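Notes follow once the structure below has been shown.
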There are 2 protein chains.
Amino acid sequence: MATPEAPGGTDWRARLRARGYRLTPQREMVLRAVDELGHATPDEVLAKVREQSSAVNISTVYRTLEVLEELGLVRHAHLSDRAPTYHSISDHEHFHLVCRNCQKVVSVDPDVLRPLTERLEADGFVADVGHLTVFGHCTDCTPTKES
Amino acid sequence: MATPEAPGGTDWRARLRARGYRLTPQREMVLRAVDELGHATPDEVLAKVREQSSAVNISTVYRTLEVLEELGLVRHAHLSDRAPTYHSISDHEHFHLVCRNCQKVVSVDPDVLRPLTERLEADGFVADVGHLTVFGHCTDCTPTKES
DNA sequence: ATTCTTGCAAATAATTTGCACCACC
DNA sequence: GGTGGTGCAAATTATTTGCAAGAAT
């Protein structure tokens with residue numbers, strides 16, 4: 001999941017500069033944390049970052065995630081009714097399935113969405129595939145709770 | 001959007017009782033509000049309810065929406081990165097498209113998802129179509145902001 | 001040196017909970 | 001009358017913001 005040298009090789013540093021942002025240790029650490037964690041909430045990112053530097057503040061994490069997302073280095077999705085999670089885009093783009101029974105999260109290739117996205121595009125709507133999360137349940141989960 | 005007699009005809013009252021819940025004015029008002037508003041946040045539901053009774057409390061709205069959803073009378077979806085919205089299921093089931101440019105929300109027939117849901121089912125996953133929201137942008141919106 | 005960033009604390013916003021009182025069955 | 005439901009206020013949780021001090025260019 002985590003490549004030694006973060007997303008997009010090294011050029012994200014250049015990308016930062018290009019947009020007038022500064023390169024700070026906090027930004028490096030947050031990006032690495034997201035990359036290593038896979039899918040993580042801001043809180044979890046903070047915890048990971050603090051393994052390396054205990055002085056980092058939660059508000060910095062929020063601000064940094066915002067910047068990184070604006071730069072296209074990370075994305076967020078809503079994998080539970082409560083709490084966004086961030087993931088690096090070094091993992092190729094994907095959307096998510098979340099099982100309400102076992103809570104398992106599966107990353108799926110965008111190709112599976114092709115028929116849907118094409119249909120929507122024909123109707124004038126371009127879907128943001130990377131942000132999509134489909135809730136439901138695995139058929140092999142005890143399919144108990146059903147209203 | 002709002003049928004005179006709320007979702008499922010009148011039998012939702014029976015359904016309440018059947019599960020040991022009591023029929024209260026608050027529950028009737030919240031259900032009617034959701035039905036009339038189309039898509040509404042708890043706050044908006046409260047505002048609507050208060051048109052009829054100013055004494056109703058926000059915590060009652062939260063508790064009531066939870067009960068109504070458990071009974072299958074309403075559903076919620078996340079139409080913005082921030083804030084769930086509730087809608088009555090008297091409107092036939094649908095999923096949502098949300099444009100990040102113009103903020104427009106479009107309700108779409110589940111049939112459009114058929115190819116996707118079938119593919120996912122083949123892989124052992126049953127999608128909760130009614131909860132799905134696809135973010136993206138209309139092609140006729142000024143397609144400016146793109147990272 | 002200049003200006004962007006950060007840490008900290010306080011402000012918001014959204015939702016939940018404890019509890020005494022009230023109303024439905 | 002007993003029990004579940006409600007209002008109210010306080011507690012949580014999540015996120016944002018103002019600002020002075022610190023750091024990157």
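None of the values given here were measured: they were computed from a predicted structure. By convention in this document, chain letters (A, B, ...) are assigned in the order of the sequence lines, proteins followed by strands, and residues within each chain are numbered from 1.
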Roughly, in whole Å, what's the span from NE2 in H76(B) to P in dA14(C)? 16 Å
Counting only heavy atoms not in R50(B), do more than 12 sit closer than 6.0 Å to its CZ atom? yes
Find out whether L71(B) and W12(B) are in side-chain contact, i.e. whether some heavy atom of one side chain is under 4.5 Å from a heavy atom of the other. no
Which one, dG7(C), dT5(C), dA24(D), comes nearest to the side chain of P25(A)? dA24(D)
So, do H87(B) and H76(B) have ring centers that fall under 6.0 Å from each other? no
How many whole angstroms separate atom CE of M29(A) from atom P of dT6(C)? 9 Å
Side chain proximity check, T117(A) to L120(A), heavy atoms < 4.5 angstrom: no
Side chain of R22(A), heavy atoms from C-beta onward: which of dT3(D), dG7(C), dA23(D) has the nearest atom to it? dA23(D)
Categorize L23(B) for me: base, sugar-phosphate, or nothing, with a 4.0 angstrom heavy-atom threshold over every strand shown. sugar-phosphate
Listed nucleotide nearest any side-chain atom of T64(B), set dT15(D), dT15(C), dT6(D): dT6(D)
How long is the span from the SG atom in C99(B) to the CG atom in D128(A), to the nearest 0.5 Å? 11.5 Å
D81(B) CG to dA14(D) P: how many Å, rounded? 16 Å
Could you check whether A55(B) gets within reach of a base, just the sugar-phosphate, or nothing at all, counting any heavy atom under 4.0 Å? sugar-phosphate
Judged by each residue's nearest nucleotide on DNA chain D, which is more toward the 5′ side, R27(B) or R17(A)? R27(B)
Counting only side-chain N and O atoms of Y62(B), is one of them less than 4.0 Å from OP1 or OP2 of dT15(C)? yes
Under the 3.5 Å rule, do the base of dG4(D) and the side chain of R63(B) count as making a donor-acceptor pair? no
Separation of dG5(D) P from E28(B) CD (nearest whole Å): 14 Å
Across all chains, not counting sequence neighbours, the side chain to side chain donor-acceptor pair (under 3.5 Å) partners of Q52(B) are R32(B)
Remember a base hit wins even if backbone is also touched, and classify R82(A) as base, sugar-phosphate or nothing at under 4.0 Å, heavy atoms. sugar-phosphate
Expressed in angstrom and rounded to an integer, what is the separation of L46(A) atom CG from dT6(C) atom P? 13 Å
Axis-to-axis angle across the helix from dA1(C)-dT25(D) to dC25(C)-dG1(D), five pairs an end, to 10 degrees? 30°
Counting side-chain heavy atoms from CB outward, which of dT15(C), dA9(C), dT16(C) is closest to S59(B)? dT16(C)
Starting at CZ of R50(B) and ending at C1' of dC8(D), how long is that distance when rounded to a whole Å? 11 Å
Ring centroid separation for H94(A) and H96(A), is it under 6.0 angstrom? yes
Of the listed nucleotides dT6(C), dT6(D), dG7(C), the one nearest the side chain of T24(A): dT6(C)
OP1 or OP2 of dG7(D) under 4.0 Å from side-chain N/O of Q26(B): yes
Rounded distance (Å) that lies between atom C1' of dT15(C) and atom CD of E44(B): 16 Å
